[in-house]
*Asks:* 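Have a look at this one.
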Amino acid sequence: MEYNFREIEQKWQANWNADKVYHVTEDESRPKYYVLDMFPYPSGAGLHVGHPLGYIASDIYSRYKREKGFNVLHPMGYDAYGLPAEQYAIQTGQHPAITTEQNIKRYREQLDKLGFSFDWDREVQTCNPKYYHWTQWAFIKMFESYYCKQAQQARPIAELIEVFELQGTKGMDIACTEELSFTTDVWKAKSEKEKQEVLMNYRIAYLGDTMVNWCPALGTVLANDEVVNGFSERGGYPVEQKVMRQWCLRVSAYAQRLLDGLDAIDWTDSLKETQRNWIGRSEGAELQFRVKDSDIEFTIFTTRADTIFGVTFMVLAPESELVKPLTKPEQQAEVNAYLEATKKKTERDRIADRKVTGVFTGSYAINPVTNEAIPVWISDYVLAGYGTGAIMAVPGHDSRDYAFAKHFNLPIVNLIEGADISEESFDAKDGIMINSGFLSGLTVKEAIKKAKEYIEEKGLGKVKVNFRLRDAIFSRQRYWGEPFPIYYDADGLPRPLPYDKLPLELPEVDKFLPTVTGEPPLGNATKWAWDIVNRQVVETSMIDHKTIFPLELNTMPGFAGSSAYYIRYMDPHNDKELVSEKADQYWQNVDLYLGGTEHATGHLIYSRYWNKFLYDIGAVCEDEPFRKLINQGMIQGRSNFVYRINGTNTFVSLNLKDNYEVTPLHVNVNIVSNDILDIEAFRNWNPEYKDAEFILEDGKYLCGWAVEKMSKSMFNVVNPDDIVEKYGADTLRLYEMFLGPLEQSKPWDTNGIDGVHRFLKKLWNLFYGETEAKWVSGVEPTAEELKSIHKLIKKVSYDIEHFSFNTSVSAFMICVNELTSLKCSKKEILEPLIVILAPFAPHIAEELWHVLGNKTTVNDAKWPDYKEEYLVENVVTYAVSFNGKTRFNLDLPAEATREEVEKAALSNEAAAKWTEGKTPKKIIVVPKKIINIVV
RNA sequence: GCUCGGAUGGUGGAAUGGUAGACACGAAGGACUUAAAAUCCUUUGACCAUUGCGGUUGUGCGGGUUCAAGUCCCGCUCCGAGUACCA
């Protein structure tokens with residue numbers, strides 16, 4: 001009987017589905033385990049063979065944990081809001097909801113073929129109102145909260161209002177956009193509108209005028225992590241800087257907690273390091289500088305307070321608010337010209353040509369320590385968004401300041417003994433200070449400390465910790481995203497919708513582009529106003545009415561829906577709350593999270609932030625969302641090439657191509673097998689090649705190959721459906737794991753899949769002969785057979801815990817080869833083999849499990865334990881080496897003592913040759929079966 | 001520039017400091033077959049020997065620690081990923 005994988009896989013997929021074998025509920029009698037995959041964005045291209053890699057690994061682990069007795073939550077869903085569907089809608093007029101639904105359907109079909117153990121009853125889609133209800137809910141909660149730095153926690157904004165009524169800002173330490181200080185009386189004297197504006201300074205979700213990454217081609221702003229080298233991540237369009245009033249999330253308030261939290265979670269060091277860099281904590285000081293002949297004062301941030309005696313000029317960012325007041329009339333024209341020029345530069349231009357540019361303001365600042373007057377310049381190497389947007393320049397000890405000073409002929413002072421600053425600055429933080437007044441003679445480290453103390457003592461400034469992490473810009477001028485549950489009242493103040501009126505559903509529009517007046521696409525909606533009396537969405541045309549107000553026209557960004565989806569899986573159908581206390585207490589947080597590294601500074605920061613906020617308001621019981629995280633590597637494409645002789649339609653085989661002038665052309669990898677071109681298929685592939693001629697080697701056309709990104713244009717996309725059709729899902733699953741270590745990127749290469757397919761056939765052949773079943777039960781297994789299977793159980797148990805799935809697959813192959821040559825078809829041996837294979841190849845395992853007479857699903861079988869006693873050998877082979885070089889092998893009974901081993905080693909004939917009659921200096925016998933004799 | 005990875009046969013890759021190259025692909029030879037496919041067997045790091053045993057060398061380069069180093073330490077070279085005027 002043959003291994004008919006198509007029949008087996010279809011049968012069991014249908015059965016599992018019908019019996020809902022993967023449905024899970026909270027079960028207090030079993031420990032929980034939560035395995036999560038990063039949910040996909042359903043793109044129009046469908047899945048290629050690289051996408052399921054992580055899903056296969058997580059599925060193996062889920063099934064393994066289940067066999068180990070855990071109640072495993074393993075859900076799947078879709079990150080369904082996003083730019084591609086909207087871009088497609090703009091081009092074709094097709095509603096993004098429709099394309100998204102089609103794409104999801106296609107994804108589901110592809111996923112279903114691979115035999116995953118997802119609990120589809122818990123599926124979430126971020127674009128579903130039942131889901132984004134809770135995205136909007138969390139947003140309002142953030143709008144109604146402030147961050148108390150003393151308590152290191154988010155608190156209700158109502159509490160802040162009470163404090164302001166009682167004591168103003170006195171004694172408060174609140175995360176804010178701008179440091180404010182006022183008394184009770186000042187607060188009380190403010191109008192409602194003014195009070196709201198003050199509160200906006202503190203809200204965790206706030207409207208702020210910020211420098212944003214504006215992408216004109218996409219017509220929207222983008223978050224920092226959505227911009228790569230000055231281009232949009234999606235589409236690759238240029239991005240420029242612009243000030244806009246936008247919704248923001250005060251992620252920066254959580255910077256320290258996001259940093260500290262990393263210590264307690266089990267992520268790779270490199271990923272933690274990436275996040276640490278992104279958060280960018282730096283300890284330094286803020287210093288006040290007075291402007292000469294003026295009452296203006298400004299603040300700068302520095303980590304090198306010790307270099308205060310070497311400050312020879314100051315630099316402002318072009319966008320700094322200080323530019324205007326500090327520019328002297330005689331410099332005005334020059335400054336204006338400079339500002340114009342920098343404004344035109346995109347982010348990319350700034351990076352591309354790092355020329356030193358700048359302009360003098362005409363003003364001088366007074367060094368608070370030396371009282372020297374120093375010129376204030378403007379330059380775009382100072383960033384408005386970091387620190388205070390102004391710096392003190394120390395050209396002797398900062399390479400950027402050095403380049404600037406050299407270019408504009410500004411003085412350079414050396415502050416460190418023996419430093420050579422004639423060619424470049426001395427940036428290192430070591431050496432002995434000179435030319436530095438009271439700091440001279442100290443080491444740099446001592447000087448930093450002393451300078452900070454001095455600054456605080458004299459009231460010149462304060463010690464300050466700065467973070468690179470910025471607040472997240474949360475508005476997008478797009479249609480296909482979550483609407484903000486916000487309307488604007490008569491004063492133009494944003495007001496949240498009542499919680500009981502959520503979700504606020506995305507309105508229909510007739511076109512997806514911005515309006516003629518430049519408003520976001522939601523400006524096209526005819527029904528997009530809020531009636532505060534009847535508490536409902538009404539026609540936009542009714543806005544003139546006193547109680548009817550416009551709704552927010554922006555939508556939320558992609559990361560809004562993906563930030564807390566793992567919580568929703570715990571209780572996906574709850575329409576009363578985000579998650580019930582019971583479900584939250586039971587599932588807690590994600591035990592194992594699998595996904596790509598590309599989310600290191602986006603999703604994985606936002607999610608942690610979002611989760612910490614929810615923790616603060618008591619909505620969830622865990623502070624960190626993902627206990628352990630594994631990044632699966634990317635599967636790249638393996639492209640094939642044919643070589644066309646220039647100006648002809650003749651193609652020459654790989655090893656002969658150097659004799660001709662050729663152009664390499666990508667060829668569809670699906671018509672190439674083991675790098676040998678299927679010539680007929682090639683002729684039919686493209687009409688252009690119908691009459692192609694070939695110069696062959698050994699009667700074959702050999703193609704060249706290269707590793708590239710898997711993409712349509714390289715003709716190297718391999719569809720999992722085709723592999724499943726040809727080899728079956730179990731083969732695909734095993735092969736993807738066999739390809740190499742999970743966390744490593746590697747090219748897909750269909751060559752080699754036969755090996756694992758052959759393994760499954762061999763396994764099948766242990767159960768079935770040519771015509772009938774040949775497995776037997778009730779026959780005592782031999783020691784060899786027991787050793788083979790127990791060795792396997794030990795190896796696979798260890799490997800799964802260490803996510804080393806590739807070596808597990810090898811171990812299965814070895815075991816099946818051994819059993820085949822032992823002609824072992826005994827149930828007692830085969831049954832545990834099936835149980836541990838089930839996570840990897842669930843269909844064939846389920847089939848054989850039932851063949852052996854079991855009635856329940858193999859997933860509920862218990863993971864077998866191995867017994868050491870079967871692994872012990874009667875005879876141990878020692879490798880005897882002299883001075884570390886291996887010379888011969890020695891077979892001894894396993895129970896031989898150390899003395900017996902040594903004696904046997906030395907009495908051997910071969911030993912005499914190497915010891916040359918001398919007494920060995922040392923004999924080392926190690927348990928690894930090595931004897932080393934040192935002569 | 002900084003941070004983090006990595007470098008092992010023709011290829012993908014195995015090796016708690018203990019006989020390097022498991023397992024698989026590919027290749028070569030053979031069995032079965034009219035033939036092919038499928039299946040099975042043998043060989044397969046390199047070099048030398050080959051009538052048999054065998055020998056030499058070998059994990060990017062140079063040092064070091066150790067009885068013993070692909071593995072640990074120091075110094076390089078190259079490749080990949082992330083990040084970047086962050087004061």
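Lettering follows sequence order; numbering is per chain, from 1.
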*Asks:* Hydrogens and angles aside, do A:Tyr381 and A:Asp401 bring a side-chain donor and acceptor to less than 3.5 Å of each other?
*Replies:*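 Note: A:Tyr381 and A:Asp401 side chains meet the donor-acceptor criterion.
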
*Asks:* Mind checking if A:Ile391 touches a base, just sugar-phosphate, or nothing, with heavy atoms under 4.0 Å?
*Replies:* base

*Asks:* Would you say A:Ser797 and A:Tyr866 are linked by a side-chain donor-acceptor pair, where the criterion is simply a distance under 3.5 Å?
*Replies:*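 Side-chain D/A pair, A:Tyr866 to A:Ser797: absent.
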
*Asks:* Determine the contact category for A:Lys272: base if any of its heavy atoms lies under 4.0 Å from a base atom, sugar-phosphate if only primed atoms, P, OP1 or OP2 are that close, otherwise nothing.
*Replies:*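 Nothing: the residue A:Lys272, judged by heavy atoms under 4.0 Å, touches no strand.
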
*Asks:* Say you pick atom P in B:A38 and the same atom in B:U77; how far apart are they, in whole Å?
*Replies:* 50 Å

*Asks:* Under 3.5 Å, which protein N or O atoms sit close to an N or O of nucleotides 65-72 of chain B? Give each pair with its distance.
*Replies:*
residue, atom, partner, partner atom, Å
B:C67, OP1, A:Lys922, NZ, 3.1
B:C67, O2', A:Asn932, ND2, 3.1
B:C67, O2, A:Asn932, ND2, 2.2

*Asks:* For A:Lys823, give me all partners under side-chain contact (heavy atoms from CB on, under 4.5 Å), at least two apart in sequence or on another chain.
*Replies:*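 Once residues adjacent in sequence are excluded, A:Lys823 has no partner under the side-chain contact (heavy atoms from CB on, under 4.5 Å) criterion.
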
*Asks:* Please tabulate the protein-to-nucleotide N/O contacts below 3.5 Å involving nucleotides 25-29 of chain B, giving atom names and distances.
*Replies:*
residue, atom, partner, partner atom, Å
B:C25, OP1, A:Arg758, NH1, 2.5

*Asks:* Report yes or no: do A:Ser810 and A:Thr807 form a side-chain donor-acceptor pair below 3.5 Å?
*Replies:* no

*Asks:* Could you give the distance separating B:C40 and B:G58 at their C1' atoms, to the nearest angstrom?
*Replies:*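 Those two atoms are separated by 33 Å.
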
*Asks:* Starting at the 5' end of RNA chain B and moving along, which residue's nearest nucleotide shows up first, A:Lys762 or A:Tyr735?
*Replies:* A:Tyr735

*Asks:* Would you tell me if any nitrogen or oxygen in the side chain of A:Tyr386 comes within less than 4.0 Å of OP1 or OP2 on B:A87?
*Replies:* yes

*Asks:* Just say parallel, tilted or perpendicular for the rings of A:Phe404 and A:Phe408, cut-offs at 30° and 60°.
*Replies:* tilted

*Asks:* Taking the side chain as everything from C-beta on, heavy atoms only, tell me whether A:Leu604 gets closer than 4.5 Å to A:Gln275.
*Replies:* yes

*Asks:* With rounding to whole Å, what would you report as the distance between B:C72 and B:C79 at their C1' atoms?
*Replies:* 24 Å

*Asks:* Which label fits B:G9, syn or anti, where anti is any glycosidic angle not within 90° of 0?
*Replies:*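 Syn, since the glycosidic angle lies within 90° of 0.
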
*Asks:* Which parts of nucleotides 3-15 of chain B does protein reach within less than 4.0 Å, heavy atoms only, written one letter per nucleotide 5' to 3' as B for base, S for sugar-phosphate only and - for none?
*Replies:* SS-------BSSS

*Asks:* What distance, rounded to whole Å, do you find between the two P atoms, one in B:C61 and one in B:A69?
*Replies:*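 Each nucleotide's P atom is 15 Å from the other's.
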
*Asks:* For residues A:Met1 and A:Glu770, determine if any side-chain heavy atom of one lies less than 4.5 Å from a side-chain heavy atom of the other.
*Replies:*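 A:Met1 does not reach A:Glu770 side chain to side chain.
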
*Asks:* Any salt bridge linking A:Asp263 with A:Arg276? Criterion: basic side-chain nitrogen under 4.0 Å from a carboxylate oxygen.
*Replies:*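 Counted as a salt bridge, because a side-chain N and a carboxylate O are separated by less than 4.0 Å.
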
*Asks:* Is it true that the NZ or CZ of A:Arg608 lies under 6.0 Å from the centre of A:Trp278's six-membered ring and within 45 degrees of the ring axis?
*Replies:* no

*Asks:* Say you pick atom P in B:G80 and the same atom in B:G29; how far apart are they, in whole Å?
*Replies:*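 B:G80 and B:G29 have their P atoms separated by 38 Å.
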
*Asks:* If you define the side chain from C-beta out and look only at heavy atoms, does anything of A:Ile308 sit under 4.5 Å from A:Thr302?
*Replies:*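 No; the side chains remain at least 4.5 Å from each other.
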
*Asks:* Test of understanding: with side-chain hydrogen bond (donor to acceptor under 3.5 Å, both in side chains), list the residues that count as partners of A:His603, not counting sequence neighbours.
*Replies:* A:Tyr593

*Asks:* Dot-bracket, 5' to 3', for RNA chain B please: Watson-Crick or G-U pairs under 3.5 Å, [ ] where pairs cross earlier ones, | where the partner sits on another strand, dots elsewhere.
*Replies:* (((((((..(((.....[....)))((((((.......))))))((((.....))))..(((((..]....))))))))))))....

*Asks:* If you measure from the C1' atom in B:G13 to the same atom in B:G64, how many Å do you get, rounded?
*Replies:*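 30 Å, rounded to whole Å.
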
*Asks:* Give the rounded distance in Å between these two atoms: CG of A:Leu316 and C1' of B:C85.
*Replies:* 16 Å

*Asks:* Expressed as a whole number of Å, how far does the C1' atom of B:A36 sit from that of B:G54?
*Replies:* 42 Å

*Asks:* Expressed as a whole number of Å, how far does the P atom of B:G18 sit from that of B:C25?
*Replies:* 28 Å

